[in-house]
Structures are given as structure tokens and as C-alpha cells.
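Throughout, a chain's letter reflects where its sequence line sits, starting with A, and its residues are numbered from 1.
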Amino acid sequence: MAESIVISDIHMDALQEISNIGLGNAATSLAELLNKKVDMSVPNACFFDFEQVFDMVGGLEEVVSCVHLGVEGDVPGTIMFIFSEQSTYNLVDMLMGQDLGSTTGLDNMGESAVAEIGNVLTGSFMNAIGGMTGLKMSTSVPMFAFDMLGAIMSSSMAASGYWDDHVLVIETLFFQNNESIKGHFFLLPETGALNRLFEALGMPAEL
Amino acid sequence: MRLSPERWAAAEETSPVTEIQVGIAELKVCRQPDRLITIGLGSCVGVTLYDQSTRIGGLLHIMLPDSTQFSNITKPAKFADLGIPLLVSQIRLRGGRLNSLQAKLAGGAQMFSGLNEKFMLNIGERNIIKARQILKSLGIRIFSEEVGGNRGRTMILDTVSGQVLIRTVGNQAKVI
């Protein structure tokens, strides 16, 4: 898939910039959903080794929740949102209008709530990119998991076809009010897909 | 001898041993008293092979069942069909004997809930089936397994007893 592909710095920058706009839009939706201010770090677009991707989020045995969405259309790929265990509970509390700390475990209701957040964030991310480039994209139904980080991410990547040792990852961190919510966003584009994105931006790459 | 998780923990305190970590698409071999550990098996499958007579053990963390559809293979331990024979040969190099090897399997879970076509291909299930098939073709008996379901697992092989400890989130550790 990503075998021996070199993406120039300019294209990497473009990728980072377009992610920044898309994710900014997503952060705004999350803020509206929670009725709270949401910050995010500058997105980072880079090729990573498998192990490095895990290290970005935390320990392999750490409990996290993950919303996984397949992206179809002009820029196919995979989107993953990963929230730490406590952030997951805090998200549910905020969404349900409860005091922080009320939720201590995850039931079906909580699962759907977190999956829906992933859905909304992905939708606004793609709307922003679609609006800017004219590209058409749609997502599959969100999938949800709540378990060990290593088990979730490796399964997610295996199932979406990221079998290479290196993967192109666009990553950012969302946080809200002293990290009461800390979430990672990952976009793993399929290789040919990126080309179409660059073309739409008027800067075709020779991949 | 089957150690309960409590006894296991107690044994750990009295005699500290080296715990060797095996990453995704990796394999390692060691002899007693060391332990091999692989963390966070989801749809991946962990395979341990253990030779009781020499107390040599190996652990392999496979991610995909079949290498034949790939052309550029950098990590053979990623695949069941290449990884298991490789693990066997590494164990034999260290002095382990093929005919006394016993295998244990863990992992192959379906981590995600919700329907999606790509996930319907269920890689976990295919990993399990392929691993069993390859072991059978090599004449290696599967002693026990802890596979399927929807939980992530951590797998630890103790080369002193040949026991394998399975850790999951929110459940008591289990020895297989």
C-alpha cells in the first residue's frame, strides 16, 4: 500500500493544513455538542512505524474507547477517534448533562453516545474538506470498541487493510478544560486517495 | 502442575525473572526461567510453542493468516503461514525438539461492535483457523486455547512450567 512512497514536504504541509481546517470544524461541532470550549493541537501528518502509532496514544494495555469509521468516495481511508477511559466517561457525562464523575462504566447507551460523537466529528471534518475541494466522501456506520489500546488499534488497522510496516497517519489531540477530555484523531488514507486530494487542491503529486 | 493466578503472582515476587516483550508481527524464543509476553492481542493471534523436556519456549504474534497474497514481505512473523514454521525452526536452533512441542493459542477476537462489510471478513477468525491448520500440518498438538470472543488479551508464557497466563480488561487473569 504505502510501499516506498515519498510525499514531498509541500504536499505534507498541504495535508497538514487541510486537516487543520477539517479538524477545526470538527472541534467546533464537538464544542457545540458539549456546550463547552474544545481545543485541539496542530495536526501532525507523518509516516509512522506501527509501534509509534501506539506510543502516541499510550500504553498497549491501557483501556480506551475507539470509534472507527470507513471513508468511501473520492478519498477512501479510515478514521479513528480514540479517547482514554476517563475521557470516555467524561464525554458521556457532558453529553447527558450529568456531573463529571457520574459515569464509571460503559453501558449500551454510553457506547452509542460515544459512537455518535465520532460520527458527528467525522461528518464535520469531511464537510469542511469536501466544501474546500469539491470532493465527495461518505462514511460507513461507526464501529465501536472499548478495551486494551493495543488490541483495538491493531485489529482496526488489520481490518481496514493497513498491513504495511509504515502507515501515513494524520493525528491530532482534542482536549477540553485541563484535559477532562483527551482524544486522538487518526486519519489513515489509502495511497491512491491522496493523489486525488492533491489534484483537487491544484497541486498534483507524482506518487 | 497448574498455578492459580494468585500462586503465579506469589511466584513472581519470590523469583524475579526476565520478561521478554514480543511486539506485533514479531517472534522470540527463550529458555527457563525467562518469560515471554505479548500485550494487546485483538484480532491478532498469539501462538506459544513449548518444549517441556528442554524448557525452551517461543511466542509469535501474528496479524494476518496468509502471506501468499502479498509480494513484499518484510516481516514473516506477521503471517500465520510463515511465522509458525519460522518459530519452530528458531526453537530447534536453540535445542528444542519438534516432537515434544506443544502449542497454545490466544486472541482472534472480534473487537468492534456494529456491522460493517470489511469487518465481516473477520480477520480474527481466519487467523485462528489458519494457525490451527499450520500447526496440524507440522504435527504439533494444540494443548489449549483461549480464542474468539470480543475481548483484547495479553498472553504470557512461563518457560519454567509451560503455563500460559491470559490477562483481559476487567476480568481475573486465567491460566491455560
(request) Can you measure from OG1 (Thr139(A)) to CZ (Phe125(A)) and round to the nearest 0.5 angstrom? (result) 12.0 Å
(request) Using non-hydrogen atoms and a 4.5 Å limit, figure out which bit of Arg153(B) sits close to chain A: side chain, backbone, both or neither. (result) backbone
(message) Give the interface residues of residues 36-54 of chain B toward chain A, defined by a heavy-atom separation under 4.5 Å.
(response) Ile39(B), Gly40(B), Leu41(B), Gly42(B), Ser43(B), Cys44(B)
(message) Taking the six-membered ring for Trp, are Phe112(B) and His68(A) closer than 6.0 Å centroid to centroid?
(response) yes
(request) Decide if the gap between the ring center of Phe70(B) and the ring center of Phe79(B) is smaller than 6.0 angstrom. (result) yes
(request) Sort Phe54(A) into side chain, backbone, both or neither according to what part of it lies under 4.5 angstrom from a heavy atom of chain B. (result) side chain
(request) For Asn127(B) and Ala80(B), indicate whether the former's side chain and the latter's backbone hold a donor-acceptor pair under 3.5 Å. (result) no
(request) Examine distances only and state if a side-chain atom of Ser87(A) and a backbone atom of Gly183(A) form a donor-acceptor pair shorter than 3.5 Å. (result) no
(request) Just jot down the salt bridge (Lys or Arg N to Asp or Glu O under 4.0 Å) partners of Lys130(B), sequence neighbours excluded, or say none. (result) none
(message) Between Lys75(B) and Glu26(B) (salt bridge meaning N to carboxylate O under 4.0 Å), is one present in this structure?
(response) no
